[in-house]
Amino acid sequence: MRRSKYTRPTWLGEQGEGGQGTADKPRLTTSAMIASLAGADQRTKPAPFGNALSALAETRPEIVGLTADLAKYTDLHVFAKAHPDRFYQMGMAEQLLISAAAGMAREGFMPFATTYAVFAARRAYDFICMAIAEENLNVKIVCALPGLTTGYGPSHQATEDVAIFRGMPNITIVDPCDAHEIEQVVPAIAAHQGPVYMRLLRGNVPLVLDEYGYTFELGKAKMLRDGNDVLIISSGLMTMRALETAKALSGDNVDVGVLHVPTIKPLDEATILKEASRTGRMVVVAENHTIVGGLGEAVAGLLMRSGVFPTAFRQVALPDEFLDAGALPTLHDRYGISTRAMTDSIKGWL
């Protein structure tokens, strides 16, 4: 493996969502298909992962950053600017990326390997399983475009990544909600010995959880607000939507609690069981993932095994199908994970 020197032209040749385009189909440079997840007036923070990793690496010389031609699209370009001698550009070769990260971990480094979630989950699964998870190596796999966070269709939409990785022994799965949490997740997973799969929100990421006095703890779920009628158990960007839904439903005198579950594996079983066992509440699991094999089924299985049966159990999740390409706001409405769609669903269930 050769170490690639970081230069700005490298980014310009990277594989992005829109591709290079042709004479009759020019490349998309600005599109609702890659629209920010933040609302028009919502506070955001740029590149929280790249900035947090760069800051942490100042005191952790063993940290290295690797990417498969996607530094700009995973915010790892921030790390590359700050630590060019610790940045490795592996090219469009996700299996090589994972193999190199495994080798570096064996030599005492702590690799943060970035790519798109679809490429890690589909193209590099066996390499992650055999080279990293089975050996319990200290590699952090940080992947952009989880779930339905791009409008570029099934080739880029990692709607089943959690289901794929939940069945892999030894791996920790983290799905942060916002920029505030991502900044806290980076040092937390660095302190954890072993492989981690992190779903990444990149670019200008919304700020939500700082308003709730939230502190991330690996493996812990946190109640952000209480409610007597409905309990929404959520992860990732759906916690932001859950909080918005709770506010919207309060206008209809529906009291909604929100339990944020950023660590999907291992699950905080004690907290989930405690909150879901309260009588008189509908439990709704909300996730930016297919209805198959994600947080919803993890929670449902836990409740059944433990003999806990809420008043009602429902899921807000993506359907078990390949999704359309298009504008993100339209797709979120169509597939039921927008704030409006979740609010309407819960009203109907009640």
Taking Gln315 as the fixed residue, which of Leu295, Val283, Val299, Ile291 is the one that meets the side chain to side chain contact (heavy atoms under 4.5 Å, CB included) rule?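 Only match with Gln315 under side chain to side chain contact (heavy atoms under 4.5 Å, CB included): Ile291.
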
Would the distance check show the side chain of [X] and the main-chain N or O of [Y] forming a donor-acceptor pair, the cut-off being under 3.5 Å?
| X | Y | answer |
| --- | --- | --- |
| Tyr116 | Thr74 | no |
| Thr263 | Gly219 | yes |
| Gln89 | Asp69 | yes |
| Asn170 | Ala133 | yes |

Please determine, by modelled atom types, if [X] and [Y] share a side-chain donor-acceptor pair under 3.5 angstrom.
| X | Y | value |
| --- | --- | --- |
| Ser235 | Asp175 | yes |
| Thr114 | Thr67 | yes |
| His332 | Arg241 | yes |

What about [X] and [Y], same hydrophobic cluster or not, with Ile/Leu/Val/Met/Phe/Trp/Tyr joined at side-chain heavy-atom distances under 4.5 Å?
| X | Y | value |
| --- | --- | --- |
| Met342 | Leu350 | yes |
| Val230 | Phe309 | no |
| Leu209 | Leu207 | no |
| Met304 | Met282 | no |
| Ile233 | Val292 | no |

Over all heavy atoms of both residues, which pair between [X] and [Y] is shortest? Give the atoms and the distance, please.
| X | Y | value |
| --- | --- | --- |
| Asp324 | Tyr335 | N-OH, 3.0 Å |
| Ala57 | Arg86 | O-NH2, 3.1 Å |
| Pro176 | Leu201 | O-CD1, 4.1 Å |
| Ala105 | Leu137 | CB-CB, 4.1 Å |

Between Ile346 and Ile232, does the side chain to side chain contact (heavy atoms under 4.5 Å, CB included) criterion hold? Intermediate values first, please. CA-CA 10 Å; Ile346 293 176; Ile232 301 178; 3.8 Å; yes

Thr239 pairs by side chain to side chain donor-acceptor pair (under 3.5 Å) with which of Glu244, Glu181, Lys222, His260?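 Exactly one option meets the side chain to side chain donor-acceptor pair (under 3.5 Å) with Thr239, and it is His260.
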
Beyond-backbone contact of [X] with [Y], side-chain heavy atoms, under 4.5 angstrom:
| X | Y | value |
| --- | --- | --- |
| Leu303 | Phe313 | yes |
| His289 | Thr159 | no |
| Leu53 | Leu76 | yes |
| Thr149 | Arg202 | no |
| Phe79 | Asn51 | no |
| Ile98 | Glu94 | no |
| Arg281 | Thr311 | no |
| Ser250 | Asp255 | no |

Distance in Å, [X] [atom1] paired with [Y] [atom2], rounded so as to fall on 0.5 Å steps:
| X | Y | atom1 | atom2 | value |
| --- | --- | --- | --- | --- |
| Asp229 | Leu249 | CG | CG | 9.5 Å |
| Leu323 | Asp320 | CG | CG | 10.0 Å |
| Asn136 | Asn138 | CG | CG | 8.5 Å |
| Glu287 | Ile264 | CD | CD1 | 7.0 Å |
| Lys45 | Arg43 | NZ | CZ | 9.5 Å |
| Phe109 | Met104 | CZ | CE | 6.5 Å |

Please list every donor-acceptor pair under 3.5 Å in which a side-chain atom of residues 265-273 meets a protein atom from a residue at least two apart or in another chain.
{"from": "Lys265", "atom 1": "NZ", "to": "Arg166", "atom 2": "O", "distance (Å)": "2.9"}
{"from": "Lys265", "atom 1": "NZ", "to": "Met168", "atom 2": "O", "distance (Å)": "2.7"}
{"from": "Asp268", "atom 1": "OD1", "to": "Thr271", "atom 2": "N", "distance (Å)": "3.3"}
{"from": "Asp268", "atom 1": "OD1", "to": "Thr271", "atom 2": "OG1", "distance (Å)": "3.2"}
{"from": "Asp268", "atom 1": "OD2", "to": "Ala221", "atom 2": "N", "distance (Å)": "2.8"}
{"from": "Asp268", "atom 1": "OD2", "to": "Thr271", "atom 2": "OG1", "distance (Å)": "2.8"}

What verdict does the side chain to side chain contact (heavy atoms under 4.5 Å, CB included) test give for Arg340 and Asp333, after you've listed the backbone C-alpha separation in whole Å, the side-chain angles of each residue and the deciding distance to 0.1 Å? CA-CA 7 Å; Arg340 179 174 62 183; Asp333 270 338; 2.4 Å; yes

Over 60° means perpendicular and under 30° means parallel, so tell me whether Tyr197 and Phe165 are parallel, tilted or perpendicular.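 Answer is tilted, since the angle falls between 30° and 60°.
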
How are the rings of Phe49 and Phe112 set to each other: parallel, tilted or perpendicular (split at 30° and 60°)? tilted

With side chain to side chain contact (heavy atoms under 4.5 Å, CB included) as the criterion, how do Thr150 and Gln157 come out once you've worked through the C-alpha distance, each side chain's angles and the decisive distance to 0.1 Å? CA-CA 6 Å; Thr150 178; Gln157 294 161 347; 4.0 Å; yes

